[in-house]
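Inspection log for the structure reproduced underneath, given as structure tokens.
Within every chain, numbering begins at 1; the chains are lettered A, B, ... in the order of the sequence lines, protein sequences first and strands thereafter.
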Amino acid sequence: MTEILASGYVHDYPPDGDYYVLDGENRIVHASEGSSWRHFLGHVFCECLPFAGVVFRPRFEEARREAREVEFKAFYAGALSRIRVVPSGSDLTVFVTHLGRLNFRTLGTLTESLRQIEAVLADQASERLDPPAHGSLRALP
Amino acid sequence: MAVTVEKQLFLVLDDEYRIVEVGPPAEATFGPLLGRNVFECFADAASLFRPYYDHARATGDIVEFAQYYDGYAMSIAVQPLEDGQLGLSWEVLGTLDTMTLDGLRLSLAGILAKLEAHEKRTRLEHRRKSLQVIEGGA
């Protein structure tokens, strides 16, 4: 990510992420000091953040269902972030590290940063789609 | 306003691109910038807008163009006024949706289509005017 941050984005976020905690009904019950999620304490996250349900919910449900940590990158509200979801019972602690922000000032900066974001997300998608090869397949000529 | 204009002007710039008048529709954004050079207030805007402003000033004609800047596609009219001033008015053609990647792609495609349609229309109008000049001169 370093070269992406250097080449295209306006990166005015702190390097280390904030976090928030969702209860079993996806209500934000705790958020790190100074984070914007504190405004939404007590609210269901996808009801106060438009389209957040579509972008994040499937992976949140995956973490809860499989009772394991899930990490992914996502674009939301003009920013690309790395999200780490740590389940604890039905609660989820969601760590968010902002990697860069879309630079939409001109069509040139917009298309360049969109291209970079799409490349990052495409890499992630291909990592998920390419499971390690089976031993038997590796043996084929 | 020094000159009677057809459209309501949102902004008047002096000959050094300083904002000298702000109309009610632009008050919220440009009101606090009164007296400042418009290109110093909006990064990267000079190369996108200034050639059209200079053309309007040089020819004395109203120049209309479409441009994208900072999440908005706009149709902009530049009208030369007295003393090298320029009157600006604009209409928003489309806005960028940065909430999700799908929304972003869709809204960008819409913006590009609108800019292209505007450019096509402008080219046709140019051609029609040129033909009128040729026919009038024959």
Side-chain angles (χ1 to χ4, degrees), chain A residues 4 7-13 36-37 40 45-60 72-83 96 98-126 128, chain B residues 17 29-30 33 36-54 64-76 78 88 90-120 122:
Chain A
I4 285 171
S7 63
Y9 298 126
V10 178
H11 43 98
D12 53 359
Y13 291 112
S36 54
W37 293 288
F40 306 118
F45 86 101
C46 52
E47 286 174 4
C48 48
L49 302 168
F51 300 107
V54 179
V55 177
F56 302 111
R57 201 171 186 158
R59 304 306 301 274
F60 288 3
F72 61 100
K73 295 182 187 107
F75 175 85
Y76 181 72
L80 181 68
S81 306
R82 184 172 48 241
I83 316 286
V96 181
H98 288 289
L99 301 173
R101 185 182 275 183
L102 185 73
N103 182 347
F104 55 87
R105 181 155 290 150
T106 70
L107 279 178
T109 61
L110 170 60
T111 48
E112 177 58 18
S113 60
L114 177 57
R115 192 187 61 74
Q116 292 174 346
I117 286 168
E118 283 178 328
V120 171
L121 295 177
D123 280 352
Q124 172 178 262
S126 63
R128 289 196 82 197
Chain B
Y17 301 103
T29 306
F30 292 93
L33 305 176
R36 295 182 59 189
N37 181 302
V38 72
F39 296 127
E40 286 172 7
C41 299
F42 297 94
D44 303 320
S47 62
L48 299 174
F49 295 89
R50 193 169 163 165
Y52 298 101
Y53 297 178
D54 289 345
E64 289 190 29
F65 65 102
Q67 189 59 277
Y68 168 89
Y69 183 73
D70 217 17
Y72 295 93
M74 292 168 291
S75 165
I76 299 146
V78 192
L88 307 182
W90 58 83
E91 181 191 341
V92 174
L93 300 173
T95 54
L96 196 67
D97 174 5
T98 61
M99 197 53 82
T100 67
L101 205 53
D102 285 344
L104 177 61
R105 288 183 184 126
L106 201 66
S107 61
L108 178 58
I111 280 174
L112 292 175
K114 280 175 180 162
L115 291 176
E116 200 179 317
H118 192 282
E119 201 179 310
K120 234 179 238 176
T122 308

Checklist entry - In terms of heavy-atom pairs under 4.5 Å with chain A, which of Leu96(B), Ile111(B), Leu115(B) leads? => result Leu96(B)
Next on the checklist: If the condition is salt bridge (charged side-chain N to carboxylate O under 4.0 Å, His left out), which residues does Asp102(B) pass it with, not counting sequence neighbours?
Outcome noted: Arg105(B)
Next on the checklist: Distance check, rounded to the nearest 0.5 Å: Arg101(A) atom CZ versus Thr98(B) atom OG1?
Outcome noted: 9.0 Å
Next on the checklist: Does Tyr69(B) have more than 12 heavy atoms from other residues, nucleotides or ligands lying within 6.0 Å of its OH?
Outcome noted: yes
Next on the checklist: So if I take each residue of residues 38-53 of chain B and look for any heavy atom under 4.5 Å from a heavy atom in chain A, which residues do I end up with?
Outcome noted: Ala43(B), Asp44(B), Leu48(B)
Item to check | Rounded distance [0.5 Å steps], CG in Asp70(B) versus CZ in Phe104(A) | outcome: 5.5 Å
Item to check | Contacts of type salt bridge (charged side-chain N to carboxylate O under 4.0 Å, His left out), residue Glu119(B), not counting sequence neighbours | outcome: Arg123(B)
Next on the checklist: For Leu104(B) versus Phe75(A), what's the shortest heavy-atom pair and its separation?
Outcome noted: CD2-CZ, 3.9 Å
Next on the checklist: Leu101(B) vs Leu114(A), test: side chain to side chain contact (heavy atoms under 4.5 Å, CB included). Steps then yes/no.
Outcome noted: CA-CA 9 Å; Leu101(B) 205 53; Leu114(A) 177 57; 3.8 Å; yes
Checklist entry - Of all residues at least two apart in sequence or in a different chain, which pass the side-chain hydrogen bond (donor to acceptor under 3.5 Å, both in side chains) check with Ser81(A)? => result His98(A)
Item to check | For Phe51(A) against Thr100(B), the heavy-atom pair lying closest together | outcome: CB-CG2, 3.5 Å
Item to check | CG on Leu49(A) to CE on Met99(B), rounded to 0.5 Å | outcome: 8.0 Å
Next on the checklist: Please classify the contact between Leu121(A) and chain B as side chain, backbone, both or neither, with a heavy-atom cut-off of under 4.5 Å.
Outcome noted: side chain
